[in-house]
Protein chains: 2
Amino acid sequence: MTELTKRDQEVLGAVVTDYIQTGEPVGSRTISKRYGIRVSSATIRNVMADLEELGFLLQPHTSAGRIPTDKGLRFYLDSLMQSKALEDAERAMIRQAFQGMQKDLKETLHRTSRILSKFCRQAGVVLWPKLSSTRFRHIEFVRLRPQQVMAVLISKSGLLHHNLLELKEDIGQDELDKYSQYLNELLQNVPLGEVKRRILAEMKKEKVIFDQLYSRALEMSQRVFHENLESSDIYIEGQTNLFNNPEFSDMQRMRRILEALEDKSRIVKLLDMTLKTPTGVRITLGSESELDELQEISLISSPYWRGDTLLGVLGVIGPLRMDYSRIIPVVEFTASLLSQLLEDPETC
Amino acid sequence: MTELTKRDQEVLGAVVTDYIQTGEPVGSRTISKRYGIRVSSATIRNVMADLEELGFLLQPHTSAGRIPTDKGLRFYLDSLMQSKALEDAERAMIRQAFQGMQKDLKETLHRTSRILSKFCRQAGVVLWPKLSSTRFRHIEFVRLRPQQVMAVLISKSGLLHHNLLELKEDIGQDELDKYSQYLNELLQNVPLGEVKRRILAEMKKEKVIFDQLYSRALEMSQRVFHENLESSDIYIEGQTNLFNNPEFSDMQRMRRILEALEDKSRIVKLLDMTLKTPTGVRITLGSESELDELQEISLISSPYWRGDTLLGVLGVIGPLRMDYSRIIPVVEFTASLLSQLLEDPETC
DNA sequence: TGTTAGCACTCATCTATGAGGAGTGCCAAG
DNA sequence: CTTGGCACTCCTCATAGATGAGTGCTAACA
């Protein structure tokens, strides 16, 4: 496979840039006139034909200009694009939007996704931290009715998880309180990812084996932690912003997209994928996601942290044709702001 | 104002029925041919002209048939329509859909709204019970960091409410535990709607006035109950079903609708209105809601109960032109099924 | 007086047609 | 290798006419 020459890249870059701005196929004339490339349109045409042959561009029909293929777009994103720095005014506005907020974690994440959608004029998305990424703070068992107990789990970061347990036999609130007390002491500050192991270890201890109370408490807690500490939910906000994009002016397409977003589990999967190798802002084109329903969309995402702990991912969902050079810095900045907000020595 | 004659009503009924089925303006010929009214189309035309003058029908343009106005639709719903009974097969399917469910209340409500959307092929909506409609079961204060406490409130029905409190001075977990203990005893089983009053009463008691612990506990609890026990959230599911309706095939309109649904507070307001006079299935046309953004939609709603206690509202949101005679029984049946599920002597 | 057939008229929708224009590919000359 | 020129393609848009559903009105009829 041939390398792209400097000029090839310039032309490809110009096509993508123009296409992102206008959404229309780009002609050779436009390129030679508007993008300081000092050759004639005929030359550009030759270059474009080459780029098409290599799979970077395509023509919707014979007498139209070129639009980038996914491959072309990917090359642009990886090698050609340079994102503008975010203007101070804009930074200030985003910072402002975070002001005056409840400290509640979920509320914060919800607001973050609204902020993303608003400043990028696309759909904003925030993946919750997994419970496993935070530390144990408190567990409580509350008897709602005979043989039915609600377990409430609170993490140090203020994440709440509840869980309805059906019991084989009834247990009184007094005894449940003892369970809580014991477990709270035992698990205080343990990372929730390790809790299961800790419980298993504890169950082997002699004092536990011979003490009904302890062993029943541990058994019960197992049922709570058995649950999906790995699973998580997301906030998606500003879906209707997607109507702004002319490429979604086709009803069928818009419907497909919204249906895909309605089933949040798919989006969770998509975001989870990017969690595996958390490296700054990343762009996932729909075609790279192996999810058929998401072919036509693009995700700009960034992980967010508390100190060194990776908590989750946030980002923006929009069409393939997006103003990446603007949105990338916004996502980056928002992620860093959120991370900063969550940073706090006392929590984790 | 003149009364409508029997025939007028028949014609109006036929127009609405046909319009609901086809979505197209209905002509005089269609009526005289298809709806066992034994007069000629010319006569029908006269009747229709009268109905138009009275504001029950309107013509999109001179050479088109008639479609019902809101007023016409309202008359049809109130006086003419008779909803079919739900087929046994369908009842069974809905019942089936509720099978094998976690007992968790929120989960149940969420599922309910999915069921509504699925069986009616429109958007399903379920308003959460207000906290004030249930009874106190448990309160817990957990210290997350210095001067920051998470308060968790659990109702007997298994509703969870949490609340982050910022304190002026730090309070240790030990003391917080005493607060919880005291409050749990004091408020056990008190309807949450009455809790505030109870607390105020308690604060006046001598033993409380002179005991720091008691009074601080009550103060703290006030901050929890001060919050909006009246507010509630909703589940809206199956929004994309709205794409099925040809009247929403206009992008602009669809966008307006989805934007209206995205801001859930409006829909909450709409549902809240119907809560005030809870009487079986009720239909609210957008134009009757005083909310500009909802002009083009219609809500079929029914309250759901636990025993005698009104918990919330569920329903279906769709276009004005809906198959009411089918959806009404579905909503009615679903509401009664849900009420039945929630019915349980031990809870409230 | 109410009902009906008939007829002229309106107007949205559909189809065909053609002009206009953006953009291409290719060729021959520089 | 680059460029100007030219024929060609094909999308888009506007126009015009045909079609047909449906109406309002009138005159005749029971």
Side-chain angles (χ1 to χ4, degrees), chain A residues 2-12 14-19 21-54 56-69 72 246-247 249-250, chain B residues 2-12 14-19 21-54 56-69 72 246-247 249-250:
Chain A
T2 344
E3 280 295 307
L4 293 185
T5 67
K6 183 91 188 302
R7 191 167 68 192
D8 291 344
Q9 300 194 10
E10 272 174 15
V11 171
L12 178 55
V15 171
V16 177
T17 309
D18 199 83
Y19 176 69
Q21 267 183 30
T22 65
E24 306 276 291
V26 190
S28 54
R29 226 179 99 80
T30 315
I31 305 265
S32 85
K33 271 207 331 195
R34 249 205 294 278
Y35 293 88
I37 301 175
R38 295 166 44 255
V39 291
S40 75
S41 67
T43 310
I44 303 282
R45 280 205 285 285
N46 291 329
V47 176
M48 282 169 120
D50 292 348
L51 286 171
E52 179 161 7
E53 211 160 312
L54 292 170
F56 290 103
L57 297 180
L58 66 80
Q59 257 179 312
H61 54 264
T62 14
S63 69
R66 304 306 209 284
I67 60 179
T69 60
E247 45 267 75
S249 65
D250 175 45
Chain B
T2 343
E3 279 295 306
L4 293 185
T5 68
K6 184 91 187 304
R7 191 167 68 192
D8 291 344
Q9 300 194 10
E10 271 174 15
V11 171
L12 178 54
V15 171
V16 176
T17 310
D18 199 85
Y19 175 70
Q21 266 183 32
T22 65
E24 307 276 290
V26 190
S28 55
R29 225 179 100 80
T30 316
I31 305 265
S32 86
K33 270 209 328 198
R34 251 205 293 278
Y35 293 87
I37 299 176
R38 295 166 44 255
V39 291
S40 75
S41 67
T43 310
I44 303 281
R45 280 205 284 286
N46 290 329
V47 175
M48 284 169 119
D50 291 348
L51 286 171
E52 178 161 6
E53 210 159 312
L54 292 172
F56 290 103
L57 298 179
L58 65 81
Q59 257 180 311
H61 54 265
T62 12
S63 69
R66 304 307 209 285
I67 60 178
T69 60
E247 44 266 75
S249 64
D250 175 45

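Throughout, protein chains are lettered first and strands after them, A, B, ... in sequence-line order, and every chain is numbered starting at 1.
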Legend entry - Angle between terminal axes - the helix from C:dT1-D:dA30 to C:dG30-D:dC1, 5 pairs each end, rounded to 10°: 20°

Atom pair distance, as rounded to whole Å: [atom1] in [X] and [atom2] in [N]:
X: A:Glu52; N: C:dT24; atom1: CD; atom2: P; value: 10 Å
X: A:Met48; N: C:dC26; atom1: CE; atom2: C1'; value: 17 Å
X: A:Glu24; N: C:dG23; atom1: CD; atom2: P; value: 9 Å
X: A:Lys33; N: C:dA22; atom1: NZ; atom2: P; value: 10 Å
X: A:Ile44; N: D:dC1; atom1: CD1; atom2: C1'; value: 14 Å
X: A:Glu53; N: C:dG25; atom1: CD; atom2: C1'; value: 13 Å

Please round to the nearest 0.5 Å and tell me the distance separating atom [atom1] of [X] and atom [atom2] of [Y].
X: B:Asp18; Y: B:Ile67; atom1: CG; atom2: CD1; result: 12.5 Å
X: B:Asp8; Y: B:Asp50; atom1: CG; atom2: CG; result: 6.5 Å
X: B:Arg66; Y: B:Arg45; atom1: CZ; atom2: CZ; result: 9.5 Å

Does [X] reach the side chain of [Y], with side-chain heavy atoms less than 4.5 Å apart?
X: A:Val15; Y: A:Phe56; value: no
X: B:Val26; Y: B:Leu57; value: no
X: A:Val47; Y: A:Thr5; value: no

For a quick test of reading the model, state the closest non-hydrogen atom pair linking [X] to [Y] and the distance between them.
X: B:Gly72; Y: B:Val16; answer: O-CG2, 4.5 Å
X: A:Ser28; Y: A:Ser41; answer: CB-O, 3.6 Å
X: B:Pro60; Y: B:Leu58; answer: CD-O, 3.8 Å
X: A:Val39; Y: A:Ser32; answer: O-CB, 3.4 Å

Legend entry - Close approaches to DNA chain D from residues 59-67 of chain A, in residue order (heavy atom, under 4.0 Å): A:His61, A:Thr62, A:Ser63

With 3.5 Å as the limit, what N/O pairs link the protein to nucleotides 1-8 of chain C?
from  : atom 1 : to      : atom 2 : distance (Å)
C:dT3 : OP1    : B:Arg7  : NH1    : 2.7
C:dT3 : OP1    : B:Arg7  : NH2    : 3.4
C:dT3 : OP2    : B:Arg7  : NH2    : 2.8
C:dT4 : OP2    : B:Ser40 : N      : 2.9
C:dT4 : OP2    : B:Thr43 : OG1    : 2.6
C:dG6 : O6     : B:Arg45 : NH2    : 3.1

Inset, instruction - Apply side chain to side chain donor-acceptor pair (under 3.5 Å) to the pair A:Thr43 and A:Asn46, showing each step before the final yes or no. - result: CA-CA 5 Å; A:Thr43 310; A:Asn46 291 329; 5.4 Å; no

